Trainee: 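Submitted below is the structure of interest, expressed as structure tokens.
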Amino acid sequence: MGAKSSFLNKDIISINDFSKEEIIHILQIASLMEKNQKTILQGKVLATLFFEPSTRTRLSFESAMSKLGGKVIGFRDPKVTSFSKGESLWDAIKVIDGYVDVIVMRHPLEGSARLAAEAANIPLINGGDGANQHPTQTLLDLFTIKKSQGKITGLKIAMAGDLKYGRTVHSLTHALSLFNCKLYFVSPESLKMPRHIINELEEKGIEFSEHKEVSEIINEIDVLYATRIQKERFPDPADYEKVKFAYVIDNSILGKVKKNLKIMHPLPRVNEIDVNVDDSGHAYYFEQAHNGIPVRQALLALVLGKIK
Ligand code: CP
């Protein structure tokens with residue numbers, strides 16, 4: 001089956017569910033969306049179900065749907081819904097399935113998106129499930145890399161920060177392994193990339209290395225993908241205190257970097273990137289966040305069958 005025929009009604013749960021050809025097709029549709037906005041989703045309704053805080057994912061999905069002529073319903077606080085009366089996720093999805101045409105859900109439990117997708121007959125898009133996956137972030141990250149570097153294949157890309165709990169880097173690592181990128185993982189010992197992801201890279205023969213300091217690799221890379229230390233996922237707050245300032249990127253380490261270096265971050269940032277870096281010419285995190293609109297428009301249009 002070709003990439004173009006496989007998106008109608010498809011759930012977007014994990015980036016691992018997509019082939020390289022399918023990913024490239026989504027990025028191509030996102031480029032079209034950037035250039036040509038039409039109200040192709042008129043009459044369609046999106047539900048945004050957010051059990052965890054979000055600024056970018058929820059608002060960019062809502063904006064993407066609105067700009068394409070669709071409508072949005074949903075909640076950003078499950079306490080004001082019947083979940084507070086004990087309703088199960090399964091039952092709620094069975095009901096919401098009859099109200100809307102597509103669902104975006106963020107939930108703290110790993111695997112919750114897959115479960116919800118089983119309950120739903122309509123497409124369900126994972127807006128982040130615990131420390132597991134954030135596939136739409138990965139697609140906008142790939143779109144951003146392509147846009148800023150002119151290509152993805154063969155780039156040298158470093159990920160720094162919380163590689164253990166950061167779901168964005170888990171999804172992104174898998175995706176970049178399809179594009180023959182050289183990967184550098186920079187983290188404190190306690191926040192290293194999970195073993196199962198390292199195993200996947202080893203099995204595929206992907207070139208990668210692990211480091212303690214950004215300064216060890218900053219001068220050889222094309223993209224630095226910084227991440228927030230995920231305070232909310234630490235079982236023991238004392239462990240967070242030990243690593244909360246593990247990395248602070250500032251202009252002092254940018255003196256000898258490649259001209260094309262772009263610094264990305266899924267945001268929100270807390271301590272990881274000094275605000276002075278914003279004007280360095282290497283900062284690209286705000287453009288990255290804005291790329292959420294065309295990429296999420298592409299996904300909505302594809303799963304709703306308005307574009308092939
Ligand atoms: N990058 C990202 O997922 O941001 P939000 O948590 O604000 O949605």
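Because the structure is a prediction, the values reported are computed rather than measured. All residue numbers refer to positions in the sequence shown, counting from 1. Counting starts at 1 for both ligands and their atoms, following the listed order.
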Trainee: Could you tell me the residue and atom name of the protein heavy atom closest to atom 4 (O) of ligand 1, and the distance to it rounded to 0.1 Å?
Mentor: Arg56 NE, 3.0 Å

Trainee: First locate atom CG of Asp129, then atom CZ of Phe51, and finally report the distance between them rounded to the nearest 0.5 Å.
Mentor: 12.5 Å

Trainee: Minimum heavy-atom separation for Leu124 to Ile13, with atom names?
Mentor: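 Looking at all heavy atoms of both residues, the closest pair is O-CD1, 3.7 Å.
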
Trainee: Among all the protein's non-hydrogen atoms, which is closest to atom 1 (N) of ligand 1, and how far away is it?
Mentor: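 Atom 1 (N) of ligand 1 sits closest to the protein heavy atom Pro266 O, 2.8 Å.
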
Trainee: Kindly assign one of parallel, tilted or perpendicular to the pair Phe234 and Tyr165, based on the angle between their ring planes and the thresholds 30° and 60°.
Mentor: tilted

Trainee: Which is it for Thr168 and ligand 1 at heavy atoms under 4.0 Å: side chain, backbone, both or neither?
Mentor: neither

Trainee: Is Lys20 positioned over the aromatic face of Phe179, cation under 6.0 angstrom from the ring centre and no more than 45 degrees off axis?
Mentor: yes

Trainee: Report the nearest protein non-hydrogen atom to atom 6 (O) of ligand 1: residue, atom name, distance rounded to 0.1 Å.
Mentor: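 Among all protein heavy atoms, the one nearest atom 6 (O) of ligand 1 is Arg106 NH1, 2.9 Å.
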
Trainee: Any atoms of ligand 1 less than 4.0 Å from a non-hydrogen atom of Thr55? List them with their elements.
Mentor: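 Numbered from 1, ligand 1 contributes 5 (P), 7 (O), 8 (O).
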
Trainee: Within ligand 1, which atoms have a heavy atom of Leu267 less than 4.0 Å away?
Mentor: 1 (N), 2 (C), 4 (O)

Trainee: Taking all atoms of both residues into account, what is the closest heavy-atom pair of Met193 and Val169, and its distance?
Mentor: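 Taking every non-hydrogen atom into account, CE-O, 3.9 Å.
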
Trainee: In Å, rounded to the nearest 0.5 Å, how long is the span from CZ of Arg167 to CG of Asp162?
Mentor: 11.5 Å

Trainee: Could a heavy atom of Glu52 be found less than 4.0 Å from some atom of ligand 1?
Mentor: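 No, Glu52 has no heavy atom closer than 4.0 Å to ligand 1.
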
Trainee: Whether Glu110 and Arg114 form a salt bridge (side-chain N of Lys/Arg under 4.0 Å from carboxylate O of Asp/Glu) is what I want to check.
Mentor: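 Answer for the salt bridge query: no.
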
Trainee: Is the closest N or O pair between His134 and ligand 1 shorter than 3.5 Å?
Mentor: yes

Trainee: What atoms of ligand 1 come closer than 4.0 angstrom to any heavy atom of Gln137?
Mentor: 1 (N), 2 (C), 3 (O)

